[in-house]
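Each chain gets a letter, A, B and so on, in the order the sequences are listed, and its residues count up from 1. Small disclaimer: the values here were computed from a predicted structure and weren't measured.
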Protein chains: 2
Amino acid sequence: MKLLHHPDRKDIMLTSVLYALSDPVRLQMVAQMHSTGEQPCKDFDVPIAKSTLSQHARTLREAGITHTRTLGTQRLLSLRTDDLNARFPGLLDAVLRGFDLQRREAAADAEPAEPAQP
Amino acid sequence: MKLLHHPDRKDIMLTSVLYALSDPVRLQMVAQMHSTGEQPCKDFDVPIAKSTLSQHARTLREAGITHTRTLGTQRLLSLRTDDLNARFPGLLDAVLRGFDLQRREAAADAEPAEPAQP
DNA sequence: TCAATTGTTCGTTGATTAACGAACTATAGA
DNA sequence: TCTATAGTTCGTTAATCAACGAACAATTGA
């Protein structure tokens with residue numbers, strides 16, 4: 001079994017975090033972990049090959065955004081919420097909120113009018 | 001004279017903003033605009049060629065982070081604070097605060113002890 | 001008009017990136 | 001032990017990126 005490197009809290013770099021979050025696939029993964037909690041790679045709802053997903057998971061882990069633990073054949077990913085909040089207060093929340101606002105707006109734009117009962 | 005494209009507020013994308021902020025040079029530029037206000041390219045305190053700086057300025061502008069206006073031969077850059085706060089509430093502040101926290105910590109680490117009179 | 005200042009554009013280079021499939025590792029369960 | 005499942009690693013490809021210098025454009029001021 002391979003041991004996975006996670007950076008210490010103090011070594012989490014702002015530019016690395018912002019870069020990791022700037023990819024649509026990774027941002028989606030982060031949003032999903034935030035709403036659903038810890039989950040295995042296979043449950044991420046992203047339309048990419050598993051090798052690509054594995055690489056994205058690594059990018060998030062090495063940036064200090066996620067923690068990965070092994071359970072059987074699975075790798076369970078979760079957000080390092082406390083570490084991120086301690087190091088960059090308010091950043092994760094602002095990103096997640098921005099992601100949600102943007103998503104809502106896109107959904108609203110797709111509808112022609114405000115339907116009473118959709 | 002060339003006219004510069006600035007995206008509408010509604011077209012500012014989260015991933016583009018995060019990406020633009022994930023480069024150390026651009027992040028430094030943003031921090032400087034935040035503390036010093038509007039300023040011309042030549043006043044940015046970054047150790048790069050002016051052609052490179054010009055490209056970074058373009059990246060920031062096209063991501064919707066900065067506004068650029070022309071004054072004589074100069075291009076004055078300023079943060080689109082209101083637009084960013086409206087679209088992604090708290091994001092810019094969190095990034096700027098995180099940048100400052102990280103900078104302070106790095107400075108503290110460089111000092112061996114707490115000198116009374118440095 | 002001419003020179004200096006400020007910034008942009010262009011072409012190049014080397015590095016990095018996201019994507020994929022194939023091959024591999026490791027564990028769980030039959 | 002054998003098979004299925006879950007991920008990782010590797011090699012490749014096409015695209016993008018940051019950096020630079022040279023050449024260009026636009027404006028100011030002498």
What residues 35-52 of chain A contributes to the DNA chain C interface at heavy-atom separation below 4.0 Å is A/Ile48, A/Ala49, A/Ser51, A/Thr52
Taking only side-chain N and O atoms of [X], does any of them lie within less than 4.0 angstrom of OP1 or OP2 on [N]?
X: B/Arg75; N: C/dT6; value: no
X: B/His56; N: D/dA19; value: yes
X: A/Ser54; N: D/dT8; value: yes
X: B/Arg58; N: C/dG7; value: no
X: A/Tyr19; N: D/dT16; value: no

For the atom pair OG1 (B/Thr15) and CZ (A/Phe99), what is the distance rounded to the nearest 0.5 Å?
-> 9.5 Å
Between A/Asp23 and B/Gln55, name the one whose nearest nucleotide on DNA chain C is closer to the 5' end.
-> B/Gln55
What integer distance in Å separates [X]:[atom1] from [N]:[atom2]?
X: A/Leu60; N: D/dT8; atom1: CG; atom2: P; result: 12 Å
X: B/Leu4; N: C/dT9; atom1: CG; atom2: P; result: 8 Å
X: B/His5; N: C/dT8; atom1: NE2; atom2: P; result: 16 Å

Identify whether B/Met13 and B/Ile65 are in the same connected component of the hydrophobic contact network (ILVMFWY, side-chain heavy atoms under 4.5 Å).
-> no
Going by the side-chain contact (heavy atoms from CB on, under 4.5 Å) test, name the single residue among B/Gln28, B/Met33, B/His56 that passes it with B/Phe44.
-> B/Met33
Apply the test side chain to side chain contact (heavy atoms under 4.5 Å, CB included) to residues A/Arg87 and B/Gln102: give CA-CA distance (whole Å), side-chain angles for both, the deciding distance (0.1 Å), then the verdict.
-> CA-CA 8 Å; A/Arg87 185 129 173 86; B/Gln102 186 174 284; 3.7 Å; yes
Just wondering, do B/Leu91 and B/Asn85 contact through their side chains at under 4.5 Å, heavy atoms?
-> no
